[in-house]
J.: 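Got a structure here, written out as structure tokens. Questions coming.
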Amino acid sequence: MAVTGIGSVQTYIYNSKTGKLSTKDGTADEFVNYFNGNLSEKASKELNGYDVKKKNNIEQLMQMVYQTGSFKGLKWDIDPNMEEYEITCEQVSGEESRYTVNGDKVLTQYIPMYLSYEEMAGWGKNTPFKTLQSKDYDPETNSMNLAVGDVFDLENGYRLRVTEDCVEVLGDGRGSADTEQRVESLANGLNALIHFADQQWPSIYIWPQQTPMLLSLLGELGVDTSKEFTLNGTKCVVEGGQIREAGNKWVIPSSAHDKALKEYEEWLSQPLHAREARR
């Protein structure tokens, strides 16, 4: 049997009386021996980290039956006296796995990606922007670049300039205190927006009170924010009044997420008998 990996779909029979697992066709299987306690991780030749996840998830699913008489919260009622359960396990990716019991989908598990302190240390800090080449708005792709050196005239005596690592306010200082406060808030919001678009900060650093001003500024530059738009190569949408990365279910930027997921999947793929500790 091939080890579990991305895209694998495997079906087993779980016996609630014995607590043992078997393959559907009754053939020998390293995972079954491992699940039933007859094979250690070090003695295994085929199993990897995905199999550890699969074992834990099956055990947790069956615990729900023993403790509650059903798959609690999973919208599936079941007879706790049933003797055999047919369990199908699908490994979609390193972070997503799906489980079907007796033909009913009962669980989709998501594992959030782990980032080290060092990887998150730059969030909220003015690290140098990545986008150095300005690009005017392109209506065909609803995209543009916000780059180092760009200057935005607010037409109220103030301008915003994108420096190497932040957005600064330029002006004669003759506006009212309220105007100066709004301009400063817009500068901070644009700073967060560019760091977000450069995949350096999560979108949560764009404060709600800054978003309407940012959307107005983008609209003046030609960007249609009523649909998906692209800034500095990052696909964006406005959801619930907030700017988000399109298609990103997680808080972290997609580039950081994808990097962490790749490293996690590589670690999961290592054979158990030779697997190194996860950094």
Side-chain angles (χ1 to χ4, degrees), residues 1-115 249-252 257-258 260-278:
M1 183 196 93
V3 295
T4 305
I6 296 173
S8 65
V9 180
Q10 296 147 333
T11 299
Y12 302 96
I13 303 298
Y14 180 85
N15 189 300
S16 63
K17 303 301 181 184
T18 64
K20 301 295 184 179
L21 202 69
S22 62
T23 58
K24 193 173 180 180
D25 61 7
T27 58
D29 184 312
E30 270 208 2
F31 176 74
V32 167
N33 290 333
Y34 169 58
F35 185 95
N36 293 337
N38 300 322
L39 180 69
S40 69
E41 293 186 1
K42 290 299 182 182
S44 164
K45 295 181 179 180
E46 298 179 332
L47 302 181
N48 60 22
Y50 289 106
D51 293 296
V52 176
K53 285 164 57 74
K54 185 168 61 176
K55 178 178 183 292
N56 293 338
N57 287 334
I58 292 175
E59 289 174 338
Q60 289 174 11
L61 276 173
M62 302 320 300
Q63 264 189 342
M64 292 178 188
V65 176
Y66 299 150
Q67 294 174 357
T68 68
S70 67
F71 289 111
K72 185 179 180 182
L74 301 181
K75 301 180 181 179
W76 194 63
D77 296 325
I78 195 167
D79 180 1
N81 297 316
M82 187 179 296
E83 183 171 341
E84 289 189 342
Y85 300 88
E86 181 178 295
I87 303 175
T88 298
C89 316
E90 178 183 2
Q91 192 64 49
V92 180
S93 68
E95 64 188 349
E96 181 181 352
S97 48
R98 300 171 184 168
Y99 293 84
T100 300
V101 179
N102 293 352
D104 288 300
K105 293 181 179 179
V106 297
L107 176 65
T108 297
Q109 183 196 49
Y110 291 100
I111 302 295
M113 288 300 95
Y114 165 82
L115 293 183
K249 300 189 293 286
W250 313 106
V251 173
I252 63 178
H257 167 271
D258 293 347
L261 177 59
K262 181 181 178 181
E263 293 174 350
Y264 182 47
E265 289 176 341
E266 289 174 350
W267 181 74
L268 286 173
S269 298
Q270 294 177 13
L272 294 182
H273 68 269
R275 186 165 65 165
E276 298 177 358
R278 190 178 175 198

J.: Can a salt bridge be assigned to the pair E30 and K45 using a cut-off of 4.0 Å between side-chain N and carboxylate O?
T.: no
J.: To the nearest 0.5 angstrom, please state how far the CG atom of L21 sits from the CG atom of N33.
T.: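 Answer rounded to 0.5 Å: 10.5 Å.
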J.: Donor-acceptor check, side chain of H273 to backbone of S44, threshold 3.5 angstrom: yes or no?
T.: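 Present.
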J.: Taking it one step at a time, do I58 and F31 satisfy side chain to side chain contact (heavy atoms under 4.5 Å, CB included)?
T.: CA-CA 12 Å; I58 292 175; F31 176 74; 4.2 Å; yes
J.: Quick check: closest heavy atoms across S93 and Y50, and the distance to 0.1 Å?
T.: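 Of all heavy-atom pairs spanning S93 and Y50, the closest is O-CE2, 4.3 Å.
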J.: Using every non-hydrogen atom in the two residues, find where T18 and N15 come nearest and quote the distance to one decimal.
T.: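 Taking T18 first and N15 second, the nearest heavy atoms are N-OD1, 3.1 Å.
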J.: Tell me yes or no: between the side chains of Q109 and S97, is some donor less than 3.5 Å from an acceptor?
T.: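 Present: a donor and an acceptor within the cut-off.
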J.: If we count only N and O atoms by modelled type, under 3.5 Å, do the side chains of T4 and D51 hold a donor and an acceptor together?
T.: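 Indeed, the side chains of T4 and D51 share at least one donor-acceptor pair under 3.5 Å.
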J.: How long is the gap from CD1 on I111 to CG on N57, to the nearest 0.5 Å?
T.: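 With rounding to 0.5 Å, CD1 (I111) is 7.0 Å from CG (N57).
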J.: Identify, with sequence neighbours excluded, every residue that meets salt bridge (Lys or Arg N to Asp or Glu O under 4.0 Å) alongside E41.
T.: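 With sequence neighbours excluded, E41 shows a salt bridge (Lys or Arg N to Asp or Glu O under 4.0 Å) to no residue whatsoever.
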J.: For a quick test of reading the model, state the closest non-hydrogen atom pair linking G94 to K53 and the distance between them.
T.: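 Answer, listing the atom of G94 first, then K53: O-NZ, 3.5 Å.
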J.: Measure the shortest side-chain to side-chain distance between Y12 and D29 over non-hydrogen atoms and say whether it is less than 4.5 angstrom.
T.: yes
J.: Could you report the tightest heavy-atom contact between L39 and Y34, atom names first, then the distance?
T.: O-CD1, 3.4 Å
J.: Looking at every non-hydrogen atom in both residues, tell me the closest pair between L268 and N48 and how far apart they are.
T.: O-CB, 3.3 Å
J.: Is any side-chain heavy atom of K54 closer than 4.5 Å to one of Q91?
T.: no
J.: Taking only residues two or more places apart in sequence or in another chain, which ones pass salt bridge (Lys or Arg N to Asp or Glu O under 4.0 Å) with E96?
T.: R98
J.: What is the distance from atom OG of S22 to atom OH of Y14, rounded to the nearest 0.5 Å?
T.: 11.5 Å
J.: Output yes when a side-chain donor or acceptor of S16 lies under 3.5 Å from a complementary backbone atom of E83, and no otherwise.
T.: yes
J.: Report the residues that fulfil salt bridge (Lys or Arg N to Asp or Glu O under 4.0 Å) with E59, sequence neighbours left out, ordered by chain and then residue number.
T.: K55
J.: Could you give the distance from CD (E265) to NZ (K262), rounded to the nearest 0.5 Å?
T.: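 Output value for this atom pair is 10.0 Å.
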J.: CD of E84 to CG of N102: how many Å apart, nearest 0.5 Å?
T.: 9.5 Å
J.: How long is the gap from CZ on R275 to CG on L47, to the nearest 0.5 Å?
T.: 10.5 Å
